[in-house]
Each structure stands twice: as structure tokens, then as C-alpha cells.
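Remarks on the structure that follows.
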Amino acid sequence: MEVRIFLSQAARSAPSLLAPSFALVTATKRHQSTQQQPRLRFAPSPTGLLHLGGLRTALYNYLMCRKTGGTFVLRIEDTDRARLVPGAVENIQDSLEWMGLKPDEGPRYGGPFAPYTQSERLDLYKEKAEQLIETGAAYRCYCSPLRLELMRKEAVKRGEQSRYDNRCRSLSSAELTAKHTAKEPFVIRLKMDPHVYELQDEVYGPTSLRVDQEGDPVLIKSDGFPTYHLANVVDDHEMRITHVLRGIEWQMSTPKHLRLYEALGWKPPLFAHLPLLMNADGSKLSKRKGAQEIMEYKKLGYYPDALVNFLTLAGGGFHRNEPISNRLYRLDEMADNFDLALVNRNSCQLNFPKLEEYNRQAVRLRLNSPPEKAKFLAEVQRVVKEKYGTDVTAAVVRHVVEWAAESRLTNINDLFAADLEFVWVSKPRDEKAGEPFTTETKNLLLRVADSMAGIPDGLFDRSHVQEHLQTVVTEAATDLKKLMHAIRLAVCGVTKGPSVGEMAEILGQREFVRRLRSVGMTPDVNQSINQVIK
């Protein structure tokens, strides 16, 4: 059996990136001819929170729907009851909404094929499993977990792949009746005879796969819940899914799904498998290796447009007339330029420093939009109040943000890093920085304060500050490096951070001078630069 392909090799090798996609045009015509618009689904399992791999799958399904005028369906596949994570369903839906990938149908949104949660559709799966038994395509297996475990251990000893030996296929009617009467626990298995399936994967092209290497797969578990193989096939058919875009890890299971379509007498959808996301060193991204869940990126100050551009940079699939790192693409622009024929086949290595660059661009876009800038500034005010107990004015926040945006603002949390806390509150000197200021150092700092106070209005910037500091160094015959160290401790309380000239600019003349003159005194932690920046 084959899955029909709508992607030609000619389309893949076409030299012009401006030509219409053969893959997409053919797919659209096919579905127009059957009067059915494309329907795609994102079907995560709530055994964990949404991570980058799942987000990429959801994104590409969403973009293809928007490109073709199709329907984007969210289906929750919660049949693995032992591994369910509390709150994961809400996290998945919240993450998609925050990313701008709101489904057209799903548990939160309803739709004509509800319910969209598999644990609420159990009767349907049992009905189809019984149908398969009646037609001879499936059977009840009464093998105990102990027997299966012993088989697995024996296979390991022999250095072989563990597989079920299909023993219960040959049970007689009398044996089946006896086990049924005794109410012995059972699973339902699909008969998978030796066969090589020649798949036409819309991303990977022709692929040959054997399907009997693990023995007959389980369709219904002993707890009455279906396995992924049965549930996803039944739901894809019942929900009229036309295209299945999913991760490459599911490609090996596709022949089992094709066998189910065949046994149930249904036409399969079109299949495309997306390559693995990898770290830059080639290791696989996974929850176990600490890949961030999507809402954590939100907490860390990243924006949705930065994340989607970051993912598509590695995965391909788009016509672009300019280098993709030059600007951020909106979701509607991505949808207009999406082409399944251009999706990468090789594993996609994520360059995380690029995420920082994209987020820097996202921050600048917001600061260049008056409404978005107002939201950004209000959020800074809220965090300062929450984190430091300090009320700062909009004028102060605007001054600080515009200064930071010039070179050091990648996300909003950069404004609250340890080396910038001095901006929002006066901090006591770091006790690890060395001995308290000597009388000689205090006098020198007061001399610097007087020099800074003498800079004319409108000229207090880093260049003039540097000139005046050099004058003090020359007149006092002191060491510039040691003086800078003392100024830094006096002004921000730590030994690392922005340059002294930058600190002077951001604090302003009055506050900079005040902090220099307060050396030797305990700074008032409630002192705010509200008083000096108008």
C-alpha cells in the first residue's frame, strides 16, 4: 500500500524560489476537486509541557492551514494515563494562544467533531477495535505482563530486538471462550504480517519500512484505553484530517497506521514528517536535557515573534527574498511564503545566540510603536515595584529603557540584572569588594563629585564625564584604574557593570554626584532617581 504524494522531485529541485509551489498547488487542487478544504491537526500528549519541538510542529501545521485556507485543529491525546502531567493541557493551550497560534477547533474552542480530548472518546475506539476483531484484522491477546517481560529479557540476552511472538493469534475458539469466561485480562492486537511499505513522505520522499519487526502492535491496552496507533488513526478519519504533519520520530510508525486504514477500509491522509530539532552540537533537544518549555521563555522575556523566526530559521520551508536574519517575519507573512517543498530534510540545529538577536529585534519593534512602547514601559514599572518596592515614574523608565536599548537590551529582564540594579535603587557596597574607603579615597571621590557638578547643563554625557575624570587624575596625580574602581563602588556598590561614563549618563548628573558625596554613609535604599530625572 502507498500513501499518495503531492510533492514531486522536480518541485524540490526547481532552481527558482519565486516559482509557485508544485506541492502546495497540487494539494490545493486535489482538495478543491473533492470539495474539502485542508484540515490539519496538532495532537500533543499532555505527558509534559509544550517545548520547542512541539511548538515547531504546531507552527508548521498552523502556517499550512493559513496558507491554504484550511482548518487548524488541536486534539489532546491523553491515553497514556500513567504519564499525564497535571496542568499540561492548560499549558499547551495557553502556550499556543500566547504564540498567536490559536486553533480553529479544540477542547477550549469546540467544533463540529467534539470532543477533542481522546479520553472522552473511548467508546469510539472500542467500537473500531471490535470491528477489527470481527473482520479478522485484530485479536485478543491474553499474554501476561510476566510472560512479555521474560520474552524481552531473553531477547536482550541474545542481542536481538524484543518483539512479541504473536502467540495468541493461534488460540482456538475453545481457548478464547474459556479465557473470556474466566475474565482474564487482555489487550487487543493488530495483525501485522511481514511486509515492506513504500511510503511517499512529502518531506523525505520515497521511504521503505518493514512493519513486523516488533510483532503485532497493541491497539487497546488492558485498562481499556487505546494506544496512539489506534486512537490517532480513528480520530484523523473521524475529524476528516487531510494532512498529517508531525515529527520524524513517528515515521517508523506510519506503516502501522496505513495497515489500520487498510483494515478499516478508509483512505489515509497525506503524510509529512518534520526533521528533528537539535542543539548546535548535534545532540537531540529533549525535556531531559533541559529544553525550556514555551511559557518559561515568556517568563524569561522572550517574545513570540522571536521564537517563531528562530524556529523557522533552522527548519526552512519558506520563500524569502532577503536574508532571513535581516528582520522579523510576522505570522501572516510566514503563511504567505510557506512551502512544504522547502522544509529541510536534515536535522535542524538550533543556534540559540540567534534567538537573542531575534528577541533584540522584537524589543526594538515594540519600542518603535507608541502603543507597544507604552505597554513595555508599564511592565517595567510594575516589575520595579514588585522586585524592589520602588515607585518609579514613566519619565524615569523611559530614560532608562532608551539608554539600554542602544546596545544592551535583549529582553526586559536585562533591565533587572544584578549589574543594573543600581539604576532602580541605591545599593550598599559589596562587602566582597575589599576594604572600606580610606580617608584619602573619600576625599578624592568628593573632588570627583565637585568636578562632575561643574559640568554645564546639557553636556553631562560619557565623553564630558571622561574628560573631567582625566583632569582629576592628572591634578591629583592618582591612578585612573583605581579611581574608576572606587567610583564604581561608590555609585553602584559592585565591581562589575556598565562603564563609569554609562553609569553617569543613566543616573543623571544630580544622582551621580549625590552618590559620590554619600561615600562613607549608609545609602538610603529608598532613594530613587525619580528625584533627579524629570
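Starting from 1, each residue takes its place in the sequence as its number. For the numbers below, each heavy atom of this structure counts, side chains included, while hydrogens, waters and symmetry mates do not.
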Quick one: does M334's side chain get under 4.5 Å of N309's, heavy atoms only?
-> yes
In terms of heavy-atom contacts, A314 and Q349 come closest through CB-O, 3.8 Å
The reported gap from CD in Q466 to CG in L480 (rounded to nearest 0.5 angstrom) is 6.5 Å
Could you tell me whether a side-chain N or O of S451 sits under 3.5 Å from a main-chain N or O of V448, the two making a donor and an acceptor?
-> no
Minimum side-chain heavy-atom gap D94-R108 below 4.5 Å = yes
Distance-minimising heavy-atom pair for A306 and L355 | O-CD1, 3.9 Å
Beyond-backbone contact of V85 with N91, side-chain heavy atoms, under 4.5 angstrom = no
Ignoring hydrogens and geometry, is there a side-chain-to-backbone donor-acceptor pair from R515 to A490 under 3.5 Å?
-> no
Decide whether Y228 and E77 meet the rule of one side-chain donor and one side-chain acceptor closer than 3.5 Å.
-> no
Report yes if some heavy atom in the side chain of V383 is under 4.5 Å from a heavy atom in the side chain of E386; otherwise report no.
-> no
In Å and rounded to the nearest 0.5 Å, what is the CG to NZ distance from N337 to K67?
-> 6.5 Å
Does the side chain to side chain contact (heavy atoms under 4.5 Å, CB included) test come out yes or no for L307 and L311, once each step is laid out?
-> CA-CA 6 Å; L307 281 168; L311 288 174; 5.5 Å; no
Answer yes or no: is there an ion pair linking R408 with D414, defined by an N-O contact shorter than 4.0 Å?
-> no
What pair of heavy atoms forms the shortest contact from P498 to W403, and how long is it?
-> CG-CH2, 4.2 Å
Quick one: CG on L40 to NE2 on H243, what's the gap to the nearest 0.5 Å?
-> 6.0 Å
Please tell me if the side chains of L365 and E372 come closer than 4.5 Å, counting only heavy atoms from C-beta onward.
-> no
Mutual orientation of the aromatic rings belonging to Y388 and F416 [parallel < 30°, tilted 30-60°, perpendicular > 60°] = tilted
Report the C-alpha distance between I248 and Y204 in whole Å, list the side-chain angles of each, state the deciding distance to 0.1 Å, and finish with yes or no for side chain to side chain contact (heavy atoms under 4.5 Å, CB included).
-> CA-CA 9 Å; I248 186 63; Y204 286 86; 3.4 Å; yes
May I ask you to test the T390-W424 pair for a side-chain heavy-atom distance under 4.5 Å?
-> no
Work out which heavy atom in N359 is nearest to a heavy atom in T410; give both atom names and the distance.
-> ND2-O, 2.8 Å
Could you tell me whether a side-chain N or O of S283 sits under 3.5 Å from a main-chain N or O of N279, the two making a donor and an acceptor?
-> no
Identify the two heavy atoms, one from I506 and one from H399, that lie closest to each other, and give their separation to 0.1 Å.
-> O-NE2, 3.2 Å
Measure the spacing between CD of Q37 and OG1 of T71 and express it to the nearest 0.5 Å.
-> 7.5 Å
D281 atom CG: more than 12 heavy-atom contacts under 6.0 Å | yes
Please examine the side chains of L328 and Y358, heavy atoms only from C-beta on, and report whether any two atoms are closer than 4.5 Å.
-> yes
For K354 and E357, run salt bridge (Lys or Arg N to Asp or Glu O under 4.0 Å): C-alpha distance rounded to whole Å, both residues' side-chain angles, the deciding distance at 0.1 Å, then the answer.
-> CA-CA 5 Å; K354 198 62 192 177; E357 173 57 30; 5.7 Å; no
Can you name the one residue among D332, D336, D104 that meets salt bridge (charged side-chain N to carboxylate O under 4.0 Å, His left out) with R66?
-> D104
Rounded to the nearest 0.5 Å, what separation is found between the CZ atom of R75 and the CG atom of D236?
-> 4.5 Å
May I ask you to say whether E511 pairs ionically with R514, meaning some side-chain N is under 4.0 Å from a carboxylate O?
-> yes
Any donor-acceptor pair under 3.5 Å from Q118 side chain to T79 backbone = no
Rounded to the nearest 0.5 Å, what separation is found between the CG atom of L274 and the CG atom of N61?
-> 7.5 Å
Could you verify whether a donor N or O on one side chain and an acceptor N or O on the other, from T254 and H273, lie under 3.5 Å apart?
-> yes
For the pair E402 and K373, find out whether any cationic side-chain nitrogen is under 4.0 Å from an anionic carboxylate oxygen.
-> yes
Do any N or O atoms from the side chain of E202 and from the backbone of L340 form a donor-acceptor pair under 3.5 angstrom?
-> no
Which residue, Q292, E296, E356, forms the side chain to side chain donor-acceptor pair (under 3.5 Å) with Y302?
-> E356
Expected output: side-chain R366 to main-chain A362 donor-acceptor under 3.5 Å | yes
N232 and R246: CA distance, side-chain angles, deciding distance, side chain to side chain contact (heavy atoms under 4.5 Å, CB included) verdict = CA-CA 12 Å; N232 99 90; R246 58 189 179 187; 3.8 Å; yes
salt_bridge(R327, D305) N-O dist < 4.0 Å | no
Run the ring-centre check on F310 versus F352 and record whether the distance is less than 6.0 Å.
-> yes
Assess whether side chain to side chain contact (heavy atoms under 4.5 Å, CB included) is satisfied between Y297 and N411, documenting all intermediate values.
-> CA-CA 11 Å; Y297 282 107; N411 66 58; over 6 Å; no
Is it true that atom CG of D479 has more than 12 heavy atoms of other residues, nucleotides or ligands lying nearer than 6.0 Å?
-> yes
Flag side-chain contact, heavy atom, 4.5 Å: L469 against I487 | yes
Is there a donor in the side chain of T242 and an acceptor in the side chain of R39, or the other way round, less than 3.5 Å apart?
-> no
Which pair of non-hydrogen atoms, one from I92 and one from G48, has the smallest distance, and what is that distance?
-> CD1-O, 4.5 Å
